[in-house]
Amino acid sequence: MDVDLVLLESSLWVGKKRYWAVLTGWHFNWTERDKKNREKMTVSVPVSEVVGVEVSQRSQSEEADREFTVFYVKRTSSRSSNQLLWALGRTQFSCPSRDLRDQWLTQLRMALKTHSPSRPHRLLVFINPFGGKKQGSHIYQSLVAPLFELAGISCHVVVTERANQARDHILKKDLTDFDGVVCVGGDGMFSELLHGVIGRTQQEAGLSEHDPTLTLQSCDLHIGIIPAGSTDCVCFATVGVNDPVTSALHIIVGDSQPLDVCSVHHGSSLVRYSVSLVGYGFYGDVMAESEKHRWMGPLRYDYSGALVYLRNRSYAGIVQYLPADPQLSSPRDKTRCLSRCTVCSKSTDRRLLAQSTNSSSLHGSQFSSDSEGEWVSVEGRFKAVSLTCMSSSCPRSPLGLSPSAHLADGTGDLIIVRDTHPLGFLTFLHRHTTTQDQFDLPFVDVHRVKAVRFSLPLGTEDNEDEDEGTVKDEGLVEDGEALSKSGSQQHLAERVEERGMTNDRSVKKKDLSFGLCCSKTPSVSVWNCDGEILPYPEILCRVHGQLVRLYARGIEDRSAPPFTNCKGRAFLHN
Ligand SMILES: CCCCCCCCCCCCC/C=C/[C@@H](O)[C@H](COP(=O)(O)O)NC(=O)CCCCCCCCCCCCCCC
Ligand SMILES: Nc1ncnc2c1ncn2[C@@H]1O[C@H](COP(=O)(O)OP(=O)(O)O)[C@@H](O)[C@H]1O
Ligand SMILES: [Ca+2]
C-alpha cells in the first residue's frame, strides 16, 4: 500500500526564509511560508533521489550546530542541446535547536536506508585512461569520486593497463563484496564489463555460452557507465545524455534498467555479445577503416564514414530472421521507449510468468525454433545490414539507428538497406541526424526480430577459406583473448587484410600477387559488433531479453505532468 506517513515535520530556515518541512517515507518537501503563514512554493525531493545528508562543515559554533545540508538530484537542461541533465542540488537548513537538527539527520538517514534499499555500497570501478579524448581519469577524479564519497559509496578503482583487463578481472577475481561494476570509458569499455558480467554469471550457473538455443541466466551484478569514450551510445540510449555527473547520480540512487543483449555466434562458438550495433557492410567498413585513424579520437568515425561512403560498396548476402510477435510492438509505430516503458514492463511480466510456471525456472531451457515461429529469408545485395537491441541513439544520431526500439522487450530491430544509388544512401544516413523517418525509403526494410542469421550466397569468395567452428582460437571466453580493438584486433585487422576483405591495402596486396584479375572490390565486408570487428561474415545472432541490468532508468519523459502532493496541490519538483 502506498501510504505516505509523516516521519518528521517542523519549521526550518533556509537563509532568511522560513519553510515548513515535511519528511514522509517517499518525499522530503519544504514549503515557504510568508509572514502571515501563507504557503508559497513547495520544493519536493523524492527520498530515492536524496544523495546524502551532512552536518555543517563550518567551524564549531552554536549556529553551525543547528545546521544540516541535504544533497539531492536536481534536474537541469543543458544549454547547448536542451537535454535533461541531473546535477547535485544542495540546500542548507537551519533548525531552531540542535536536538531538532539531530532528529532531522536521524530520520533522513533512516528514510534513505528503508526507502531506497537498492543503492550500491561498494563498487568496482575500471577507468580506461585512453578512451575517447583520454580524459577518463580526470573525469572520474574531478566529477565522480567526490559524489560517490558524499553518498558513502566505497570504491575499488582499477586504471586499466591493457585491453580486456576489466573483463578478465570480472571473470576471475573475487567479487563477493561488490554491488556493481562501473566503467569510465566508451562503448568498448562497457563491452568488456558486459562480457565479464555475463560470462561470470553463466560460469557460476554452469551454462554454456556457446549454445545459442540456451536461455542464459540473467545477471544480478549491475553495470554503471561513466561516459568518457568516442560514441558512448549505450550511455546515451539508456540515460538520454552523455554526462558523467548525471550517470554518477543514477549509480548513487541505485537505478536499475534491464537491457536486452544479443549473442553473436559463428559456427559452434559464441563470438561476442552486443547491445547496440551488429552491423555488416557500411558500419563494418567504417569500423575497419577507423581503426587506422584512432589517433584522430572520436573524429575518426566521421572521417572514415566519409571515406567509406565515397567507396560506394554493396555486398551480397542472405539475411534470415525470426520475427517477433507483431501484436506487441513495431519498429515503425513512432513510439519511444522511455522510463517506465509499458512495452518493456509487459515483457518483464511475461518473463516472470514464464519463470513461475516453468518449475525448473526458465534458465537453461531451450529456445526452440519450432515454437518460436518461421524464419524469413531475404537474399540480395546490401549497403548495410544492422541489428540493434535498443535505439542506439548517440550525440551523432539523437534518435538512433532505430528510434522506436526498446531497451528491454526481448527483441532487436533488423535494418536492411538494399543496394541503392549513392544519393539514396546519403539520404538514409542523413535522416539519422534529423527527425525524418529513415525507414520511409523504398530500399530500406526494418523488422522486429528475435534472431538473425547471415550467410554468403554460394560461390562468394570468402566461402572458400571459411573454416566453420574454428573461432574458439579467438573466442572470447575460451582463451581469454577477446577481439579487442587495441590488442588482438591488430592481429585480426591483418587477417582481414590478408583475406582481401575491406581496406585498400588488402586490395593492393592481392594486386601484387594476382595481377589485374583481383583489383575488383572485395566481395565481403566485416561485422562491426559494438565497435569490435568480426572478420567472418557468416554469423547467427540471438536476442536475450533483459540479460543484464544497468544503473540507469531509461530516458525520462520531459512532458510528464508535474508532481502533486498528497493534498493534490501543485508541486515544484526540485
Ligand atoms: C551525413 C551524416 C550521416 C550521419 C550518420 C550517423 C549514423 C550514426 C549511427 C550511430 C550508431 C552508433 C551505434 C554504436 C556503436 C558503438 O558501439 C561503436 C563503438 O563506439 P566507441 O568507439 O565509443 O567504443 N561505434 C561505432 O560503431 C561508430 C559508428 C559511427 C558511424 C558514423 C558514420 C558517420 C557517417 C558519415 C557519412 C558522411 C557522408 C559524407 C558524404 C561526403
Ligand atoms: N589501458 C588500455 N590500453 C589499451 N586499450 C585499452 C585499455 N583499457 C581498455 N582498452 C580498450 O580500448 C578500447 C576502446 O575503449 P573505449 O573506452 O570504448 O574508448 P573509445 O570509445 O574511444 O573507443 C576498448 O575496446 C577497450 O577494451
Ligand atoms: Ca530490445
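Just so you know, ligand 1 is whichever comes first in the structure, and atom 1 is the first atom listed for that ligand.
- Any protein N/O/S atom under 3.0 Å from the Ca ion (ligand 3) was counted, giving 5 altogether.
- In this structure, Arg453 is positioned above the aromatic face of Trp375, its NZ or CZ under 6.0 Å from the six-membered ring centre and within 45° of the axis.
- The residue Val234 has no part lying near ligand 1, judged by heavy-atom distances below 4.0 Å.
- Distances below 4.0 Å separate heavy atoms of Ser276 from the following atoms of ligand 1: 14 (C), 17 (O).
- Which of Leu277, Thr433, Asn528, Thr231 comes nearest to atom 2 (C) of ligand 1 through a heavy atom is settled by distance: it is Thr433.
- Residue Leu429 has at least one heavy-atom neighbour below 4.0 Å for each of these atoms of ligand 1: 3 (C), 4 (C), 5 (C).
- Figure legend: Lys383 and Phe425 shown as a cation-pi pair, the cationic atom lying under 6.0 angstrom from the six-membered ring centre and within 45 degrees of its axis.
- In the vicinity of Cys233, heavy-atom distances shorter than 4.0 Å reach the ligand 1 atoms 13 (C), 14 (C).
- In terms of N/O distances under 3.5 Å, ligand 2 is approached by Thr160.
- At least one N/O-N/O distance between Gly188 and ligand 2 falls below 3.5 Å.
- For Glu532, every heavy-atom contact with ligand 2 shorter than 4.0 Å involves the side chain, none the backbone.
- Heavy atoms of Arg300 approach ligand 1 to within less than 4.0 angstrom.
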